[in-house]
Amino acid sequence: MVFPKHPCTKALLMRAAAHLLAVLLFAAAGSAVAQQKHLIDPTPPGSLNAQPLPPLQNPDAPSTPAKELFARKSTPFPGAPRSIGGYFDGCLAGGVPLPITGPAWQVMRPSRNRNWGHPQLVRFIERFAENAKKIGWNGLLVGDMSQPRGGPMLSSHKSHQIGLDVDIWFAPMPDHVQSRAEREFGSATDVVAPNMLDVDPEVWTHKHTELIRTAAQDPAVIRILVNAAIKKALCRETGADRTWLFKVRPWYGHAEHFHIQIPCPAGSAECKPQPPPPPSDGCGHELDFWFKDSTLHPPPSKPKPALTLAGLPPECRQIVKAP
Ligand SMILES: [Zn+2]
């Protein structure tokens, strides 16, 4: 559940009755904006008794969405680790799980079974968690990585398909090992103001900048996606050393977590690299597009047809069909 933040709550109590209606209408508009923002990129609750998905009627039909097949695989494809295809259209062999509790991280929403990745990604997360401790961040809350065999997902992401992407929440780990219920139902921290034009000063801290900088300065990281309001804050708060800013790029949503991407690993010949971000720091006028009304409130887009196995590299068929 996301509670809309509205600055007028106190004022509302003090207003005369004659003004109450106008204030309420304003509050309603504010919460509508907040909700619209969250629809882009929500962090839905998980489940304490996740049921296995029902078997597919016709799994071999060419029209079967690949996400339906990959979502039904709860174990990795054995063998050497390989990221196959692209971040948006691929799969994973030899995936390994990130333990749900580590010395400096905890996996959130474990019922989603998306704490899988290429071993390089797991190593990166371990390293990042340690480095985050050094700047005073009390450990990472880890969101989605990939499914055991990668591939498209039933909800939330188009990328995260080849075990090289991870979402990190904008809240530090609590001091205790969280219960399953806390991990499944705890709400994420939204650091963006309701009007989406900047970070929320009541939530955002300089530690957030430090955390993202720490991730970006890891040589394994090629790209980090954040909400444009966060990018704007990073541009403002970063001092003389701006060499890492080019890796951090604005995208829709990403108000409750940031998305980290590592490159195609050695030994994954079938991995399709993404072009690196441009070398500029991405600040100033480069951000204008993101704050245009048409970008902040885009018209609803037509859903694209779901990816089928024909849209993935041929090996992904073997990987998802293996028992
Ligand atoms: Zn992500």
Side-chain angles (χ1 to χ4, degrees), residues 66 70 73 75-100 102-105 107 113-132 134 140 142-153 157-168 211-225 243-249 251 257-279 307 309 311-322:
F70 280 96
K73 290 296 177 188
T75 57
F77 183 80
R82 280 181 305 144
S83 297
I84 300 159
Y87 294 81
F88 294 87
D89 50 0
C91 60
L92 176 67
V96 291
L98 179 74
I100 69 161
W105 73 82
V107 170
N113 197 24
R114 293 178 180 175
N115 56 316
W116 295 81
H118 189 284
Q120 296 277 352
L121 183 67
V122 170
R123 254 169 260 151
F124 159 72
I125 296 167
E126 291 167 353
R127 189 167 64 238
F128 176 35
E130 250 172 62
N131 289 334
K134 291 180 198 155
L140 306 176
V142 180
D144 284 354
M145 295 163 60
S146 289
Q147 300 176 118
R149 299 186 194 191
M153 298 177 177
H157 302 290
K158 292 206 166 63
S159 63
H160 289 253
Q161 295 198 18
I162 52 178
L164 305 177
D165 301 279
V166 57
D167 291 338
I168 303 294
L211 181 71
I212 296 169
R213 178 186 56 77
T214 302
Q217 286 179 330
D218 189 299
V221 169
I222 47 172
R223 189 189 317 269
I224 294 176
L225 301 177
T243 50
W244 55 276
L245 269 176
F246 81 98
K247 291 187 186 177
V248 187
R249 292 288 154 179
W251 199 245
H257 68 260
F258 59 111
H259 173 128
I260 305 173
Q261 204 176 69
I262 66 166
C264 285
S268 288
E270 312 99 317
C271 181
K272 222 163 57 187
Q274 272 206 296
L307 207 55
L309 285 183
L312 298 176
E315 283 129 303
C316 293
R317 178 185 298 274
Q318 183 205 344
I319 282 166
V320 78
K321 294 284 180 182

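Position 1 is the first residue of the sequence, and the numbers go up from there. Below, each value reflects all heavy atoms present in this structure, side chains not excepted, and no hydrogens, waters or symmetry copies.
Atom CD1 of Ile168 is separated from atom CG of Leu211 by 8.0 Å, given to the nearest 0.5 angstrom. To the nearest 0.5 Å, atom NE2 of residue His118 and atom CZ of residue Arg123 are 8.0 Å apart. Note that OG of Ser146 and NE2 of His157 are 9.0 Å apart. Values are rounded to the nearest 0.5 Å. Distance CZ/Arg223 to OG/Ser159: 10.5 Å, rounded to 0.5 Å. Within the model, atoms CD1 of Ile212 and CZ of Phe258 stand 5.5 Å from one another, a figure rounded to the nearest 0.5 Å. Interatomic distance, Ile260 CD1 to Leu121 CG, rounded to the nearest 0.5 Å: 8.5 Å.
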Decide yes or no on side chain to side chain donor-acceptor pair (under 3.5 Å) for Asp167 and His160, but give the supporting numbers first. CA-CA 9 Å; Asp167 291 338; His160 289 253; 3.3 Å; yes
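Proximity of Gln261 to Tyr87: side-chain heavy atoms (C-beta onward) are separated by under 4.5 Å at one or more points. Counting heavy atoms from C-beta outward, Val166 and Phe128 have side chains that stay 4.5 Å or more apart. Annotation: side chain of Ile262 is not in contact with side chain of Ile222 (no heavy-atom distance under 4.5 Å). At a threshold of 4.5 Å between non-hydrogen side-chain atoms, the residues Cys316 and Phe70 count as touching. Taking the side chain as every heavy atom from C-beta outward, Gln147 and Met153 approach each other to under 4.5 Å. Taking the side chain as every heavy atom from C-beta outward, Asp165 and His259 approach each other to under 4.5 Å. Ile162 has its side chain within reach of Cys271: a pair of non-hydrogen atoms, C-beta onward, lies under 4.5 Å apart. Within the 4.5 Å cutoff, side-chain heavy atoms of Met145 are placed close to those of Val122.
Residue Glu126 qualifies as enclosed at atom CD: its count of foreign heavy atoms under 6.0 Å is above 12.
Contact detail for Leu140 and Ile125: the closest heavy-atom pair is CD1-O, 4.1 Å. Nearest heavy-atom pair across Ala322 and Phe77 is CB-CE1, 3.7 Å. A pairwise comparison of heavy atoms in Pro263 and Leu164 identifies O-CD1, 3.7 Å as the closest pair. Summarising the geometry of Pro152 relative to Ala66, their closest heavy-atom pair is CG-CB, 3.8 Å, with the distance given to 0.1 Å. Between Pro279 and Phe246, the closest heavy-atom pair is O-CB, 3.6 Å. Taking every heavy atom of both residues into account, Val248 and Ala216 meet most closely at CG2-CB, 4.2 Å.
Side-chain atoms of Asn115 come within 3.5 Å of backbone N or O of Leu98 as a donor-acceptor pair. Remark: the backbone N or O of Pro99 is paired with a side-chain donor or acceptor of Trp105 at under 3.5 angstrom.
Taking the side-chain contact (heavy atoms from CB on, under 4.5 Å) definition, one finds that Glu270 meets it with Arg82, Ile84, Glu315, sequence neighbours left out.
Of the candidates Lys272, Lys158, Gln161, Asp89 forms a side chain to side chain donor-acceptor pair (under 3.5 Å) with just one, namely Lys272.
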